[in-house]
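As the structure is a computational prediction, the values presented were derived from the model and not from experiment. Reminder, nothing fancy here: chain letters follow the sequence lines and each chain counts from 1.
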Amino acid sequence: MERYNIKLIEKKWQNIWLKEKTNASILNKNKKKFYCLEMFPYPSGKIHMGHVRNYTIGDVLARYKKLQGFNVLHPMGWDSFGLPAENAARENNLHPKIWTRKNIQTMKKQLKLLGLSLDWDREISTCEPEYYKHQQEFFIELFKKKLVYKKDTYVNWDPKEQTVLANEQVIDGKGWRSGVVVERKKLSQWFFNIKKFSQDLLDDLNKLKNWPDKVKLMQKNWIGKSFGCEINFQIDKKNSKEKIKVFTTRPDTIFGASFIALSIDHPIAKNFENNKNFQDFKLKCSKTGTTEEALAIAEKIGFNTDLFVQHPLKKETKLPIYIANFVLMDYGTGAIFGCPAHDQRDLDFANKYKLNVLPVVRPSDVDPASFKISNEAYTGDGILFNSDFLDNLTVSKAIEKAIKVITKKKFGEKKITFRLKDWGVSRQRYWGCPIPIVYNSKGKALPVDKKDLPILLPEDVDLNLKGNPLAKHPTWKFTKLSSGEKVIRETDTLDTFVDSSWYFLRFCSPKYEKYGYESKDINYWMPVDQYIGGVEHAILHLLYSRFFMRALAYNNKNFDYTEPFESLFTQGMVCHETYKNEFNQWLYPDEIEKKSEGNFVTKKDKKKVIVGPSESMSKSKKNIIDPEEMINMYGADSIRWFMLSDSPPERDVQWSQEGVSAAFKFIQKLWRLNNEILEKKESTSDSEDINLKKAVNKTVYRVTKNLENFQYNVVIANLHEIYNLFCYHIANNKTSNQTMKNEWEKITMLLMPLTPHLAHECCTKTNKKFYWPKFDSKLLKEQNCKIVIQVNGRKRGILELPLNSKETLVITKSKKIDNVSKYLTDVSIVKNIYIKNKLINFITKNE
RNA sequence: GCCCUCGUGGUGAAAUUGGUAGACACAAAGGACUUAAAAUCCUUGCCCAUUAGGGAGUGCCAGUUCGAGUCUGGCCGAGGGCACCA
């Protein structure tokens, strides 16, 4: 029998698909569309197993939908602006454009080897002017809608390299190249006003029925709507009417307030700029990183302003004003009142500066006199005390009443605040989309005329200079308006998240020159019916894309999309064991060999290898497997099959060589069985035709259902089972040839989305049209069912009875089973629980 | 530190959503075929029992229930995100 020649057959079909443009999607209003999108890759060099998994999952869905008759859009492109290109450029002295294009070429070739049903005619690359010129136009539109503005914010500043660092370039507070302690520096930067849509972005999470709950919850927490109260504190200074406005979610604890803390960026802090102690304090603060994590774990420190405010409800009490490193200007009003007894941060701060700690909430079962706070704040629910008119109320009632009184006395009001911050889009980097803004001699920012787009990146750039490459370019930033007025270009580029916030629109009209998308295209294809990608994008990328849709729709009658992704699926990572040599250096899996179970040595000098835990594949730990090498060895179908078979797609999968090789063997088995069935000549009995038909019908039902639910690993198990059954039937000659062939054909159709090359090859001999088999729900019904017999909840036997048997019959039959009756003698049956067609449970009592 | 998720045999996992735990695979051990190897096929799989059968058992501890992998509370462990990696 002919052996299945992977290389030949996979190449053959890939060529046919390419030649016949099988995967090209054309707008067709008479056909129901399905837009299947996987997150496009960053062209980092070669594809990795994470890509293989992501795109295999997507391809299964796309092929399945196509077989079902949908008009499928399944495009691919490149998220090709970004930091690594600049790093690579510096290391290899290669222009980012060349490096990026070369990587794209390599990765495209590799993706094609996988046999993905991608429409390559729609390929886009965000670093090309054909893409980013539309993004520049969007920026100008947003600017004109006042959804873009400039403000000062902090960046990580490397004082030695004179450059802004990304968070990942800051390691233990130091620059990754310079090793110098990184400082926080204020820069004027561009922002998208995402905060404006906070409520909308939160509300519409409810519309996303087919998104994982965990992603929606993460976004909800990220937006972070909180209900609270603004309170004005009068500064205690002669002839001063100056007030400090604070925001709090716990107005109930107002009687426990013992200090006021201001953000270092609060307007009042400006008054201390010439104070030596304040300068020292500021310097100290500037050593803390810019990430939320860094701020959260940093020691709480403050600067005493020697100013006081009057407590609005306690005449005799004045509270000191501090400037503190844990208060953020971005959140609330940039000022808080500290209630140390009921907030851990406030307590740490109060203990450090010897401030008053007055508890005002106690657990309901604790005596007020004995309730003390020392090192742990009490943040739970309870009863108010030490709080005048709030005494004896619960926390929630006290919050209500406090807000009422504060409003009535006119020193504050109820207020809703969001944690979500505006999106900073400025980057002081070369390899990004230039921001289409110029500044006139007065420093006024003006949008560039549409006719002058795209603003092209200069090709001749020196990335070895310190600082912002575009700003350092000798001529690029100098330009003129059409009036002849001299202006200077914005030298910041856009965050690459902007590129990926609308690429799914571009895929609908990839070649349209006039605008970023064409209405007739997006009206047909949008929204994305299924979006698939890594869970690491659960918040930022997805939230920014949701924002971008709203920003485009804002004051725009011709665009009414709000939610870009109808359904979302987040897949897990691909993991592999890690290996180190005796010098604690990472080793690649192909540098080692197995001696015995769990015992590995280096191939080169047979030295002992230390096996570490299985972790997400990453270049830094060298626990990577090259997909192209694997495809060469086992073929794309085997790799696809393995990727889907071992773990549910949403969970992490362990790469296993045995697993791939088992997949490879199974592909061979399927091929052999296919030929055996098709070539079978001798006449056989048809005694079990109906059983095979029923089993195949059930398989069709299960595979369809499991595909819909992304339970691809179960689909594989279903197919294994039906394969085993076919083997049994063919070995025992119990099915007629015709039935065998008809039923097998359905199985080959079920294989189409998973192993497209093999499945197509199997069908060449029958020359049938491709289709998705339908199941007969009548044939799914069994006449009999198995009923579990329990005594006191323990299984003691099983009965096979007709469906819907009466309880009395089940009881009688059960008692006749020896292993059941022996547990029913010498006891009385208190009651029995009968679940129709499932189980009967006898509850007994000793006599 | 904050937010989120996950935890089932030696391994990856399945379980009609509260009703037979371990389907389907991988690995291992034993066997068949073979001069041998490869390939292929069969059997086994925690504890007690020759068998029939029984017991323990879904990270740990409690709880709800006739019945819990599934629901509730607490604990432990692993992973993801934290706004300039993408």
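Checking B:rA83, B:rU40, B:rC26 against every side-chain atom of A:Glu292, the shortest atom distance belongs to B:rA83. The side chain of A:Asp652 lies closest to B:rG79 when the candidates are B:rC3, B:rG79, B:rC82. The nucleotide whose nearest atom lies closest to any side-chain atom of A:Ile835 is, among B:rG19, B:rG1, B:rC3, B:rG19. The side chain of A:Pro84 lies closest to B:rA86 when the candidates are B:rA56, B:rU40, B:rA86. Closest to the A:Lys214 side chain, of the nucleotides B:rC85, B:rC41, B:rU5, is B:rU5. When each of B:rG79, B:rC24, B:rU5 is scored by its nearest atom to the side-chain atoms of A:Ala717, the top-ranked nucleotide is B:rC24. Of the candidate nucleotides B:rA23, B:rC66, B:rA86, B:rA23 has the atom lying nearest to any side-chain atom of A:Glu721. Distance from the side chain of A:Arg651 is smallest for B:rA14 among the nucleotides B:rA14, B:rC26, B:rC66. If you check B:rA56, B:rC82, B:rC84 against the side chain of A:Gln428, the one that comes closest is B:rC84. Of the candidate nucleotides B:rG79, B:rC4, B:rA86, B:rC4 has the atom nearest to the side chain of A:Leu217.
Contact check for A:Thr570 versus A:Lys214: side-chain heavy atoms found under the 4.5 Å cut-off.
Residue A:Ile843 is in sugar-phosphate contact alone, with no base atom involved, counting any heavy-atom pair closer than 4.0 Å across all strands shown. Here A:Leu83 lies in heavy-atom contact (under 4.0 Å) with sugar-phosphate atoms only.
Atom CZ in A:Phe81 sits roughly 17 Å away from atom C1' in B:rC85 (whole-Å rounding). Rounded to an integer number of Å, the gap from A:Gln219 CD to B:rA83 C1' is 13 Å.
Nucleotides B:rC84 and B:rC2 place their P atoms 23 Å apart, quoted to the nearest Å.
For A:Gln189 against B:rC84, a side-chain-to-base donor-acceptor contact under 3.5 Å is present. Interface remark: the A:Asn841 side chain does form a donor-acceptor pair with the B:rC66 base, using a distance-only criterion of under 3.5 Å.
Using a 30° and 60° split on the angle between ring planes, A:Phe192 and A:Phe548 fall in the tilted class, from 30° to 60°.
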Inset, instruction - Please step through side-chain hydrogen bond (donor to acceptor under 3.5 Å, both in side chains) for the pair A:Asp422 and A:Tyr149, ending with a clear verdict. - result: CA-CA 10 Å; A:Asp422 275 338; A:Tyr149 68 98; 2.6 Å; yes
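Taking a pair to require two hydrogen-bonding distances under 3.5 Å in either a Watson-Crick or a G-U wobble arrangement, B:rC66 pairs with B:rG19.
For the residue pair A:Ser226 and A:Tyr331, a side-chain donor N or O sits within less than 3.5 Å of a side-chain acceptor on the partner.
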